[in-house]
Amino acid sequence: KQARIPILFHTGDVGGEMTTGRGHRVSPAVAAGPLEDDNVLGEILVRLSPEPSSLPRALVCKPWGRVAASADFRRSWRDRHGRPPVLGVFEKRMTTLLFTPGLQAPDRIPMERFSLQVCTEAAWNTWCVLGCRQGRVLIMNWTLREFLIYNPFSGERDRVSFPPDLSLPQDFFDDAYNANGALLWDDEQRPLKLVLVACTGHSRVAARVYSSETGTWGDSISIPEPCRLTSVPVTVVGNRLYCWLKRPGNSILEFNLDNQTLALITRPPRANLKSRNCRIIPGEDGAVGLALFMYPAIELWNRNINSHGVATWVLRKTVILDSIFDLAPSSTGQWRSLVLGYAEDANALLISVYKEMCIRVFTVQLESMQCKRIHGHFLNDLYYPFASFYAAGNLLILTLKESPGSFLFIHGFSDTFIVL
């Protein structure tokens with residue numbers, strides 16, 4: 001049972017009396033006590049609504065902003081509110097990493113706030129997006145032989161060069177599907193890790209891990225079986241990383257980060273499994289899973305391993321979504337569907353339901369099956385949904401030199417300024 005924390009209300013001008021929610025009068029000296037305790041204040045703030053705009057509106061003074069910006073508070077916020085919201089969707093649009101907002105006002109993030117000019121017009125075909133995870137976007141530039149790690153909130157851009165001894169085939173630079181990768185970073189206090197999975201010639205695939213702690217790449221880990229990668233972003237499940245493969249056609253590539261091994265695992269025994277209608281997801285009990293969407297049904301599969309080490313794919317849930325989408329039947333044709341992306345942090349699919357010239361795009365949270373429509377021009381078949389809690393960790397507090405003691409809150413998700 002959670003402790004009840006009294007909320008105090010002003011009854012008059014500044015310096016006047018305060019009352020509790022039950023109307024009991026409290027002197028200012030007594031009333032100020034709990035709110036000057038960072039632990040108590042943190043317990044109050046963490047109980048705010050999880051909507052992105054709720055926390056910045058509550059930060060009415062400098063000490064409160066400092067509490068909300070602390071690492072302890074951010075962890076408490078994530079622990080209490082669970083999955084972060086999908087803030088919007090990234091895509092590659094020629095030279096630009098383009099952001100399409102996914103929320104409505106006052107939580108809506110302007111397109112120009114997160115979009116990024118990546119290169120010049122002459123170099124538009126030298127880069128690709130590998131995915132979004134833990135508040136960052138990972139971009140690969142195979143001509144410059146480097147990764148770009150982009151923080152949309154701060155605009156910060158970090159670069160990591162390819163391994164200097166990485167030998168690439170001659171046709172590597174002609175095909176963006178020759179490599180994939182993932183950014184692993186679950187806490188600001190821990191070193192960042194970057195995983196590169198690449199074709200090194202003759203359809204052979206090798207993986208390497210970069211650590212920001214040492215600033216170096218680890219040894220190359222390869223697999224003897226010929227493989228062909230795809231552009232589908234990888235999925236991280238616990239200490240394992242999974243890549244959807246084009247060849248072999250019935251396999252998934254598994255990279256075990258603990259024992260540094262690569263292996264092929266088979267897909268579920270289900271017809272019509274394609275990258276256009278499914279995504280690898282975390283399953284139950286720490287296992288890898290698969291989400292398949294063929295309108296109007298979503299199937300959730302789990303790869304169970306018994307006590308003898310034998311793996312079996314099991315269909316654990318089927319959900320019919322036609323009533324949730326509220327798509328009216330029509331005599332002009334049937335609705336079709338695509339899976340456009342997957343937000344690993346939110347455990348949400350980005351899906352498209354379409355017919356003729358009508359296209360509707362939704363996010364579907366796979367635990368609650370809650371659907372939210374995203375408005376925009378979605379004409380491609382691969383997008384990168386971006387999910388994050390962004391209010392507390394991206395609030396900047398600046399001291400104004402012209403007026404000592406005053407301060408300025410800059411909401412990291414908008415152009416709103418509040419001067420106190």
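Just so it is clear, the values below take in all heavy atoms, side chains as well, and ignore hydrogens, waters and symmetry mates. In what follows, residues are counted from 1 in the order of the sequence shown.
In this structure, Glu356 contributes its side chain and Cys358 its backbone to no donor-acceptor pair below 3.5 Å. The main-chain N or O of Glu284 is found under 3.5 Å from a side-chain atom of Asn302 such that the two form a donor-acceptor pair. Asn180 contributes no side-chain N or O that, together with a main-chain N or O of Leu229, makes up a donor-acceptor pair within less than 3.5 Å. In this structure a side-chain-to-backbone donor-acceptor pair under 3.5 Å is missing from Asp285 to Ala287. The closest donor-acceptor contact from the side chain of Ser115 to the backbone of Glu112 lies at 3.5 Å or more, if one exists at all. Distance alone, capped at 3.5 Å, is enough to place a donor-acceptor pair between the Lys92 side chain and the Trp124 backbone. Proximity of a side-chain donor or acceptor of Asp345 to a complementary backbone N or O of Arg133 within less than 3.5 Å is not detected. Within the 3.5 Å criterion, the main-chain N or O of Glu213 finds a donor-acceptor partner in the side chain of Ser211. With hydrogens and angles disregarded, no donor-acceptor distance shorter than 3.5 Å links the side chain of Arg204 to the backbone of Cys199.
How far CG of Asn239 is from CG of Leu257: 6.5 Å, rounded to the nearest 0.5 Å. Note that the CZ atom of Phe386 and the OG1 atom of Thr100 stand 13.5 Å from one another [nearest 0.5 Å]. Between atom CH2 of residue Trp244 and atom CZ of residue Arg267 there is a gap of 4.0 Å, rounded to the nearest 0.5 Å. The distance from atom CZ of Arg316 to atom CD of Glu299, rounded to the nearest 0.5 Å, is 12.0 Å. Interatomic distance, CZ of Arg360 versus NZ of Lys355, reported as 9.0 Å (0.5 Å rounding). Separation of atoms CD1 (Ile139) and CZ (Arg159) is listed at 9.0 Å; rounding is to 0.5 Å.
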| said: Would His375 and Gln104 count as a side chain to side chain contact (heavy atoms under 4.5 Å, CB included) here? Give the steps. | reply: CA-CA 10 Å; His375 297 272; Gln104 301 301 314; 4.3 Å; yes
| message | One pair to check against side chain to side chain contact (heavy atoms under 4.5 Å, CB included): Ile351 and Tyr295. What are the steps and the verdict? | response | CA-CA 10 Å; Ile351 61 173; Tyr295 181 81; over 6 Å; no
| said: What verdict does the side chain to side chain contact (heavy atoms under 4.5 Å, CB included) test give for Asn306 and Thr312, after you've listed the backbone C-alpha separation in whole Å, the side-chain angles of each residue and the deciding distance to 0.1 Å? | reply: CA-CA 8 Å; Asn306 64 21; Thr312 306; 5.7 Å; no
| request: I would like to know whether Arg47 and Arg80 meet side chain to side chain contact (heavy atoms under 4.5 Å, CB included); could you show each step before the answer? | output: CA-CA 8 Å; Arg47 285 164 167 76; Arg80 180 174 183 84; 3.7 Å; yes
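Within the 4.5 Å cutoff, side-chain heavy atoms of Phe255 are placed close to those of Ile221. Leu196 places none of its side-chain heavy atoms less than 4.5 Å from the side chain of Tyr210. For the pair Trp127/Leu148, no side-chain contact is recorded, criterion being any heavy-atom separation below 4.5 Å from C-beta on. Side-chain atoms of Leu116 and Pro152, non-hydrogen and from C-beta on, never get closer than 4.5 Å to each other. Between Phe114 and Phe153 the shortest side-chain heavy-atom distance falls below 4.5 Å. Glu344 has its side chain within reach of Thr235: a pair of non-hydrogen atoms, C-beta onward, lies under 4.5 Å apart. For the pair Pro233 and Tyr342, the minimum side-chain heavy-atom distance is 4.5 Å or more. A 4.5 Å side-chain heavy-atom check between Trp313 and Asn304 finds every atom pair outside the cut-off.
Of the N and O atoms on the side chains of Thr95 and Gln117, at least one donor lies less than 3.5 Å from an acceptor on the other residue. Checked by atom type, the side-chain pair Asn259/Thr261 shows a donor-acceptor distance below 3.5 Å. Counted by atom type alone, Glu146 and Ser161 present zero donor-acceptor pairs between their side chains at under 3.5 Å. For the 3.5 Å distance criterion, the side chains of Tyr150 and Asp158 fail to qualify, holding no donor opposite an acceptor.
Residue Phe293 comes nearest to Ser337 through the heavy atom pair CE2-CB, 3.2 Å, listed as atom of the first residue, atom of the second, then distance. Residues Leu382 and Ser231 share a closest heavy-atom pair of CD2-OG, 3.5 Å. Between Phe162 and Met140, the closest heavy-atom pair is CZ-CG, 3.7 Å. Annotation for Leu340 and Asp381: closest pair CD2-CA, 3.9 Å, computed over non-hydrogen atoms. Here the closest non-hydrogen pair linking Pro268 and Leu273 is O-CD1, 3.5 Å. For Gly181 against Leu130, the heavy-atom pair with the smallest separation is N-CD1, 3.8 Å.
Taking Ser76 as the reference, Val46 meet the side-chain contact (heavy atoms from CB on, under 4.5 Å) condition, with sequence neighbours excluded.
Of the residues Ile281, Ile265, Val234, the one that meets the side chain to side chain contact (heavy atoms under 4.5 Å, CB included) test with Tyr242 is Ile265.
Atom CG of Asp79 is surrounded by more than 12 heavy atoms from other residues, nucleotides or ligands within 6.0 Å. By the neighbour-count criterion of 12 heavy atoms within 6.0 Å, atom CZ of Arg336 is sparsely surrounded, having that number or fewer from other residues, nucleotides or ligands. Other residues, nucleotides and ligands contribute only 12 or fewer heavy atoms inside 6.0 Å of the CZ atom of Arg276.
Between Tyr383 and Phe378, the ring-plane angle classifies as perpendicular under the 30° and 60° cut-offs.
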